[in-house]
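Data first, discussion second: the structure below is written as structure tokens.
Every number for a ligand or one of its atoms is a count from 1 in the order of the listing. Values in this document were obtained by computation on a predicted structure and should not be read as measured data.
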Amino acid sequence: MSRKKLVRFQENDENPNVIQAGKPIFETIKGNWNEVQFQNSNPIVVELACGRGEFTVGLARNFPNLNFIGVDIKGSRIWKGSSTATKEGIQNVAFLRTQIELLEKYFAPDEISELWITFPDPFPRDGDEKRRLTSPRFLDMYKPMLKKDGCLHFKTDNTDLFNYSLELFLSREDLEVIGFTHDFYQSEWKDDHFGIQTRYEKMFSDKGEKIKYLKCRFS
Ligand SMILES: C[S@@+](CC[C@H](N)C(=O)[O-])C[C@H]1O[C@@H](n2cnc3c(N)ncnc32)[C@H](O)[C@@H]1O
């Protein structure tokens, strides 16, 4: 492992805004995010596959009265968001380092007010459908964690993943698709994300890919 990575991992260990294996809080945080981590009762917004956390930190700057949690398995990526939040003194941000497959170990029913899935890996092979973060098994897991009427937002550059997800979401009786677009920056929502672009969003937008977005909720 490179020295840079080691330093980042050590900083994650020391930074209270990173919740990960090896810290006692990692085992007890489920149902206790507000009381233990944020020490307030503000609504919780979770970003899955947050990568370097640009979106989580960007939203936290804009909404000091909401709590934001970015989830990703890669410690060196989480480090970026975590250290940015620390440098700027942003208190309403935390990062959870885990496989998203294990999310129900960390969130109690109704603990999340809003869920974002931003530019997840597309897993294009048929045999990998179960690994897509918008596949049925993940939706079934997210459903109880989200408060009633809590929105699930999904953003991607990948047309196949978007169409797969849209078709699936529209076919589910327990999901209401509130709206969707195959070209976010030409859509009515273009100003709703406060100009915050994730690293992957910027990378694909710069290559001329249209950004797809959908918003839905469980009924
Ligand atoms: C394509 S990157 C997108 C990162 C960020 N959302 C962005 O837009 O820049 C996908 C991210 O998802 C994370 N990831 C993929 N599958 C995961 C899983 N099952 N559990 C946790 N993280 C996962 C990867 O580590 C990676 O950081």
Side-chain angles (χ1 to χ4, degrees), residues 1-2 4-5 8-9 12 17-22 26 29-30 45-62 68-85 93-107 112 114-125 127-142 145 151-162 164-165 181 184-185 189-190 192-215:
M1 190 187 299
S2 70
K4 192 164 93 177
K5 253 193 181 169
R8 289 180 173 187
F9 285 171
N12 282 351
N17 71 15
V18 178
I19 312 299
Q20 62 178 11
F26 189 63
I29 196 67
K30 179 173 179 169
V45 180
V46 172
E47 182 194 6
L48 301 178
C50 70
R52 290 170 168 77
E54 296 91 348
F55 197 64
T56 289
V57 173
L59 286 176
R61 285 189 195 106
N62 280 281
F68 294 89
I69 303 168
V71 183
D72 205 288
I73 191 59
K74 298 237 169 102
S76 57
R77 292 192 180 174
I78 277 179
W79 170 85
K80 178 73 183 149
S82 150
S83 58
T84 302
V93 166
F95 289 93
L96 172 66
R97 185 177 179 196
T98 183
Q99 288 286 354
I100 293 160
E101 286 79 351
L102 303 177
L103 205 65
E104 61 199 337
K105 277 181 75 178
Y106 305 101
F107 292 97
I112 300 175
E114 215 173 303
L115 194 62
W116 286 81
I117 307 174
T118 55
F119 301 87
D121 296 308
F123 296 113
R125 290 189 337 182
D128 277 340
E129 183 194 343
K130 277 174 84 173
R131 302 176 72 188
R132 297 176 197 154
L133 295 184
T134 52
S135 67
R137 73 162 176 153
F138 281 101
L139 295 178
D140 291 342
M141 182 174 63
Y142 308 148
M145 298 171 195
C151 280
L152 189 164
H153 308 260
F154 169 49
K155 238 175 149 181
T156 183
D157 56 286
N158 189 287
T159 305
D160 288 344
L161 178 66
F162 189 75
Y164 158 83
S165 308
T181 172
F184 177 74
Y185 289 100
W189 299 294
K190 69 180 187 317
D192 284 9
H193 302 172
F194 311 96
I196 306 166
Q197 281 198 321
T198 68
R199 181 178 154 87
Y200 275 77
E201 176 167 7
K202 184 159 177 6
M203 211 161 77
F204 287 110
S205 296
D206 289 351
K207 283 186 189 163
E209 294 284 352
K210 291 199 171 31
I211 302 304
K212 292 87 179 164
Y213 167 69
L214 77 74
K215 182 175 176 174

Using a 4.0 Å cut-off to any heavy atom of R199, which atoms of ligand 1 qualify?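 Those atoms are 9 (O).
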Per-atom contacts, ligand 1 versus T98 - under 4.0 Å to a heavy atom: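 Atoms satisfying the 4.0 Å criterion: 20 (N), 21 (C).
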Non-hydrogen side-chain atoms of [X] and [Y] separated by less than 4.5 Å:
X: Y106; Y: I19; result: no
X: L96; Y: V46; result: no
X: L161; Y: Y164; result: yes
X: S205; Y: I211; result: yes
X: F95; Y: D72; result: no

Where is the nearest protein heavy atom to [atom]: which residue, which atom, and how far?
atom: atom 18 (C) of ligand 1; answer: Q99 OE1, 3.5 Å
atom: atom 12 (O) of ligand 1; answer: A49 CB, 3.2 Å
atom: atom 2 (S) of ligand 1; answer: Y200 CE1, 3.6 Å
atom: atom 26 (C) of ligand 1; answer: R77 NH1, 3.0 Å
atom: atom 8 (O) of ligand 1; answer: T198 OG1, 2.6 Å
atom: atom 22 (N) of ligand 1; answer: I73 N, 3.3 Å
atom: atom 16 (N) of ligand 1; answer: D121 OD2, 3.9 Å
atom: atom 1 (C) of ligand 1; answer: F119 O, 3.2 Å

For ligand 1, which part of L48 has a heavy atom less than 4.0 Å away: the side chain, the backbone, both, or neither?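 Answer for L48: neither.
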For ligand 1, is any non-hydrogen atom under 4.0 Å from E101's backbone (N, CA, C, O), its side chain (CB onward), both, or neither?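 Side chain only.
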Atom CZ of R131 and atom CZ of F138: how far apart are they, to the nearest 0.5 Å?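 Here the interatomic distance stands at 9.0 Å.
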Which atom of S76 lies closest to which atom of R8, heavy atoms considered: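 Of all heavy-atom pairs spanning S76 and R8, the closest is O-NH1, 3.8 Å.
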Quiz item: cation-pi between R132 and F154, 6.0 Å / 45°: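 Relative to the ring axis of F154, which defines the angle, R132 lies outside at least one limit.
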I'd like the name of whichever of I100, V71, T156 reaches closest to atom 20 (N) of ligand 1 through any heavy atom.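 Among I100, V71, T156, the closest heavy atom to atom 20 (N) of ligand 1 comes from I100.
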Parallel, tilted or perpendicular: which one describes the rings of H193 and H153, with boundaries at 30° and 60°?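 Plane angle over 60°, so perpendicular.
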